Amino acid sequence: AAGVIQSPRHLIKEKRETATLKCYPIPRHDTVYWYQQGPGQDPQFLISFYEKMQSDKGSIPDRFSAQQFSDYHSELNMSSLELGDSALYFCASSLDVSGNSPLHFGNGTRLTVT
Amino acid sequence: GDSVTQMEGPVTLSEEAFLTINCTYTATGYPSLFWYVQYPGEGLQLLLKATKADDKGSNKGFEATYRKETTSFHLEKGSVQVSDSAVYFCALSDRKAAGNKLTFGGGTRVLVKP
């Protein structure tokens, strides 16, 4: 079965640089979520989109922005990177926004900021 | 706000031992409850879910029952295998919230020794 695809798998950037993470949801899933997982931490919700509109916002820094495109893929743009941004970034998708529809996660993008 | 509390790890067991990971939650609405598993270097995989009180989720020998009276969703497995070594996350989705975002517990690392 098709899964959530994230690219790249690994990314190394220097401080103050920018990064773009991409997420391709499972076909027919119209809702996308972004999570950040620091080392040894639980995933923290950043932002979500439903039908290309932002549906919820969590602890996403102002330096980050995201959008969902007409084909439902999503991109997380990160600017002025800081060392503390080093983390695993997960994208997830779900069939709808109801609480009964589980989130399916990608394998994540590991961002290292040096 | 919503929160999930789960027992801290690591939990170290011998193969074929009984596993219990405690999880309790706080939510303002009527959440759906989930257990996700994360194997080393991989993304989060949905293990099981329950969407209403007294529902029992089960998968791969794991079980968890939605207990509204004790606000708990403890994960159990009768006989663990080495391949069950992973980090387990309890999570809830408050269906009152837009976007179906998940709130995770802190994760419990399980190590099963041969």
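The figures that follow rest on heavy atoms only: side chains count, while hydrogens, waters and symmetry mates do not. From a predicted model like this one, the values you see are computed outputs, not experimental measurements.
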Enquirer: What part of B:Leu46 is in contact with chain A, defined as an atom under 4.5 angstrom from a non-hydrogen atom: side chain, backbone, both or neither?
Expert: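 Answer is side chain: those atoms of B:Leu46 sit under 4.5 Å from chain A.
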Enquirer: If you count heavy atoms of other groups shown closer than 6.0 angstrom to CD of B:Glu8, is the number above 12?
Expert: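 Open: at most 12 neighbouring heavy atoms sit under 6.0 Å from CD of B:Glu8.
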Enquirer: Kindly check if the number of other-residue, nucleotide or ligand heavy atoms within 6.0 Å of CD (B:Glu69) is above 12?
Expert: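 Result for CD/B:Glu69: enclosed.
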Enquirer: Tell me which of these, B:Ala50, B:Gly107, B:Gly105, B:Ala91, has more heavy-atom pairs under 4.5 Å with chain A than the rest.
Expert: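 Top option by heavy-atom pairs under 4.5 Å: B:Gly105.
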Enquirer: Answer whether the closest heavy-atom distance between the side chains of B:Phe89 and A:Pro43 falls below 4.5 Å.
Expert: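 B:Phe89 vs A:Pro43: side chains touch.
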Enquirer: Any heavy-atom pair between the side chains of B:Lys49 and A:Pro102 that's under 4.5 Å?
Expert: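 Heavy-atom side-chain distance check passes, below 4.5 Å.
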Enquirer: Could you tell me whether the side chain of B:Leu102 reaches within less than 4.5 Å of the side chain of A:Tyr33, counting heavy atoms only?
Expert: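 A side-chain contact is absent here, since even the closest heavy-atom pair is not under 4.5 Å.
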Enquirer: Please look at B:Phe104 and chain A and tell me whether the side chain, the backbone, both or neither of the residue comes under 4.5 angstrom of a heavy atom of that chain.
Expert: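 Interface part for B:Phe104: both.
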Enquirer: Could you tell me which portion of A:Gln37 (side chain, backbone, both or neither) has an atom closer than 4.5 angstrom to a non-hydrogen atom of chain B?
Expert: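 The side chain, not the backbone.
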Enquirer: Does B:Val4 belong to the same Ile/Leu/Val/Met/Phe/Trp/Tyr cluster as B:Val37, with side-chain heavy atoms less than 4.5 Å apart forming each link?
Expert: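 Yes, one cluster joins them.
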Enquirer: Tell me whether the count of non-hydrogen atoms from other residues, nucleotides or ligands lying under 6.0 Å of CG in A:Asp71 goes above 12.
Expert: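 Enclosed: over 12 neighbouring heavy atoms sit under 6.0 Å from CG of A:Asp71.
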Enquirer: Would the number of heavy atoms belonging to other residues, nucleotides or ligands and lying under 6.0 Å from NZ of A:Lys13 be above 12?
Expert: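 For A:Lys13, atom NZ is crowded (more than 12 foreign heavy atoms under 6.0 Å).
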Enquirer: In terms of heavy-atom contacts, does CD1 of A:Ile12 have more than 12 from other residues, nucleotides or ligands at under 6.0 Å?
Expert: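 No, not enclosed.
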Enquirer: Contact part of B:Gln38 toward chain A, heavy-atom cut-off under 4.5 Å: side chain, backbone, both or neither?
Expert: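 When you check distances to chain A, only side chain atoms of B:Gln38 fall under 4.5 Å.
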